[in-house]
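Side-chain atoms are counted along with the backbone in the values below, which use heavy atoms only and exclude waters and symmetry mates.
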Amino acid sequence: MNKTKLINNIGNYRWTICTLLFFGTTINYLDRQVLSLLHPILEEELKWTNTDYGLITAVFQLTYGLFTLLSGRLIDKIGTKKGYAIALIVWSIGAILHAFAIPIGKGTSDLLGILGITGISVSVAGFIIARAILAIGESANFPAAIKATAEYFPKKERSLATGIFNSGSNIGAILAPLTVPWIAYHLGWESSFIIIGSLGFVWLVFWWIYYDEPSKQKRLTAQEYEYITEDSEVNIINPEEIKETKTSWFKLLAFRETWAFTLGKFFTDGVWWFLLFWLPSYLTSQFGLKNTDITLPLAVLYSMTMVGSICGGWFPLYFIKKGYDTAPARRKAMFFIALIPLVVLLVQPLGEITFWIPVLLIGTCASAHQAWSANLYSTASDMFPKSAIASVIGIGTMAGSIGGALTSFLVGKLFDAYKASGDLTMGYTIVFTFCAIAYLFAWFIMKLLVPKIK
């Protein structure tokens, strides 16, 4: 009781920072989700194939992954405040540029023609350019947010804080189907990109006013600063020594811990990318839902993921209270979370009853992914010092994006092949099987690489 009162009296400014990260992540996913919601409209208007759409999303993911690797190092170098602000400006511009994809594509196609590269339509080329710029900016969101969490929270609270701010991705995914189809229907699809893309500049004002490093933060009490650094290397290493502990990528890659985090991302991120980019098309092709018809199912589905994100962040605390140390508690929680996606094996067999059964089952899988993700990100701060966290997150996220890009590209090819054979349902069955087993496979790989987290 006395300890609880002490924690309540030290201050809660760290949760203000968590709120900022929550809204930043919400906007990040809003901007990212617009294209997938407009895919059925753009597919019909611009005559895209599944392969075209798979190529566009794959380019986004590869660019996202490459620049996450770079942005992680940049944030380690210039700091969280400046790094996050620059990233948001870039991704907001990229989001808005989607509205001008056709003229951009014409210029790009002409340039590619001069270079002897043909076969890419004007619209696909334009969306690839806009998508790449969006990816460059968005790549810094999670390295910056995870680093900010490590700066403002003690280790025992990081997975909970990560789960809370990461739930912003779910709120963004919920708000997107509630707003984007309506804007597109009344104002045109171009307006959806412009209006949603402009929201980031509003958030930027609050970020610049309220965020600073904890050691420079005047709104943070001395007691709260001591609390958030109580189990941190900041207590035993002075700032000059921390600067000297910067580790190169090559040195980081020599650690099994780096590979455990990296492969955990590689094998599971593709599931989330598939759910994020292909679900509107799944509801359209399998159940005939179009335009605003998909609003309620997607809103329900992504509402479930918000619960998973927050509960997943809390889950390790359950084992900590039973006497486990932080890292073993997190790993045990991740095992149970990895079992949950197995429910999507029932999506296709039960889908003939009503589309709501697949929606709820896929929502359960997506919820489990967010719970898994909140804990997976936190394993980086369990295993590495703060000076290397953003770089490790960058390496892992790049691997996750490569896995996601491969998933998107192969899914597009797979769906076109099965669509041509008249059995698109089998294509979805194959992909959902992959989604079901990916997390258990990743957990065992991580356990094999790092039997005991140190």
Side-chain angles (χ1 to χ4, degrees), residues 22 25-44 50 53-54 56-57 60 95 98 166-187 189 191-193 195-197 199 269-310 340-341 343-344 346-348 350-351 353-371 373 404 407-408 411 415 424 428 431-432 435:
F22 169 85
T25 304
T26 298
I27 294 170
N28 182 280
Y29 268 75
L30 263 173
D31 290 336
R32 188 181 306 185
Q33 190 74 346
V34 175
L35 179 61
S36 65
L37 289 164
L38 297 179
H39 174 212
I41 296 173
L42 296 172
E43 182 179 37
E44 183 176 346
N50 285 315
Y53 181 64
I56 293 170
T57 57
F60 172 86
H98 284 69
N166 192 41
S167 68
S169 62
N170 309 317
I171 296 297
I174 294 167
L175 292 176
L178 295 175
T179 56
V180 172
W182 187 93
I183 295 172
Y185 180 79
H186 290 90
L187 302 175
W189 63 263
S191 297
S192 298
F193 289 110
I195 293 172
I196 300 299
L199 295 177
D269 273 18
V271 177
W272 179 249
W273 291 111
F274 167 71
L275 298 179
L276 195 66
F277 290 147
W278 290 92
L279 278 185
S281 297
Y282 168 72
L283 293 175
T284 298
S285 64
Q286 296 293 286
F287 302 103
L289 304 182
K290 296 182 178 180
N291 301 325
T292 55
D293 292 340
I294 64 176
T295 297
L296 182 58
L298 289 179
V300 169
L301 189 153
Y302 288 118
S303 295
M304 295 173 65
T305 64
M306 180 178 63
V307 176
S309 182
I310 296 174
I340 297 174
V343 299
V344 296
L346 300 174
V347 165
Q348 295 299 80
L350 300 181
I353 300 174
T354 171
F355 70 84
W356 280 109
I357 293 179
V359 166
L360 295 176
L361 292 175
I362 295 169
T364 301
C365 177
S367 182
H369 174 87
Q370 292 297 74
S373 183
T407 300
S408 285
V411 162
F415 287 171
L424 183 57
Y428 279 106
V431 177
F432 284 131
C435 294

Across all chains, not counting sequence neighbours, the side chain to side chain donor-acceptor pair (under 3.5 Å) partners of Thr295 are none

Considering residues at least two apart in sequence or located in another chain, which fulfil the side chain to side chain donor-acceptor pair (under 3.5 Å) criterion with Tyr53? none

Residues which pass side-chain contact (heavy atoms from CB on, under 4.5 Å) with Trp182, listed by chain and number, not counting sequence neighbours: His186

Separation between CD1 (Ile195) and CD1 (Ile183), nearest 0.5 Å, reads 4.5 Å

Quick one: side-chain contact (heavy atoms from CB on, under 4.5 Å) partners of Ala368, sequence neighbours excluded? Ile337, Ile340, Pro341

Can you measure from CZ (Phe277) to OG1 (Thr407) and round to the nearest 0.5 angstrom? 11.5 Å

Would you indicate whether the side-chain heavy atoms of Val359 and Phe287 approach each other to under 4.5 Å? no

Do His39 and Ser281 have side chains that get closer than 4.5 Å, going by heavy atoms? yes

For a side chain to side chain contact (heavy atoms under 4.5 Å, CB included) check, start with the C-alpha distance between Ser285 and Tyr428, then their side-chain angles and the critical distance, and finish with the verdict. CA-CA 11 Å; Ser285 64; Tyr428 279 106; 3.4 Å; yes

Measure across Leu178 and Ala299 and return the closest heavy-atom pair with its distance rounded to 0.1 Å. CD2-CB, 4.1 Å

Under a 4.5 Å cut-off applied to non-hydrogen side-chain atoms, are Gln370 and Trp272 in contact? yes

With Glu44, which residues qualify under side chain to side chain donor-acceptor pair (under 3.5 Å), at least two apart? none

Set of side-chain contact (heavy atoms from CB on, under 4.5 Å) partners for Leu296, sequence neighbours left out: Val300, Trp356

Thr57 and Ser408 have their tightest heavy-atom pair at OG1-CB, 3.3 Å

At their closest point, which heavy atom of Pro181 faces which heavy atom of Ala176, and how far apart are they? CD-O, 3.5 Å

With sequence neighbours excluded, give me every side chain to side chain donor-acceptor pair (under 3.5 Å) pair touching residues 359-369. His369-Tyr439

Thr284 meets the side chain to side chain donor-acceptor pair (under 3.5 Å) criterion, sequence neighbours left out, with none

What residues, two or more places apart in sequence or in another chain, satisfy ring pair (Phe, Tyr, Trp, His ring centres under 6.0 Å) together with Phe355? none

Contact summary for His98 and Trp189, nearest pair of heavy atoms: O-CZ3, 3.7 Å

Separation between CG (Leu35) and CD1 (Ile56), nearest 0.5 Å, reads 6.5 Å

Calculate, to the nearest 0.5 Å, the distance between atoms OG and CG belonging to Ser192 and Leu37 respectively. 9.0 Å

Within-4.5 Å side-chain heavy-atom neighbours: Leu346 and Ile357: no

Tell me, do Leu361 and Phe432 make a side-chain contact under 4.5 Å, heavy atoms counted? no

Does a side-chain heavy-atom distance below 4.5 Å link Leu298 with Leu283? yes

Pairs touching residues 269-280 that satisfy salt bridge (charged side-chain N to carboxylate O under 4.0 Å, His left out), sequence neighbours left out: Lys265-Asp269

Criterion side chain to side chain contact (heavy atoms under 4.5 Å, CB included) against Tyr282, the qualifying member of Leu275, Val347, Val431, Leu424: Val347

Is any side-chain heavy atom of Trp278 less than 4.5 Å from a side-chain heavy atom of Asn50? yes

When rounded to the nearest 0.5 angstrom, what is the spacing between OG1 in Thr179 and CD1 in Ile196? 4.0 Å

For Asp31, which residues count as a salt bridge (Lys or Arg N to Asp or Glu O under 4.0 Å) partner, sequence neighbours excluded? none

Taking only residues two or more places apart in sequence or in another chain, which ones pass side-chain contact (heavy atoms from CB on, under 4.5 Å) with Ile171? Phe22, Thr26, Ile174, Leu175, Met306

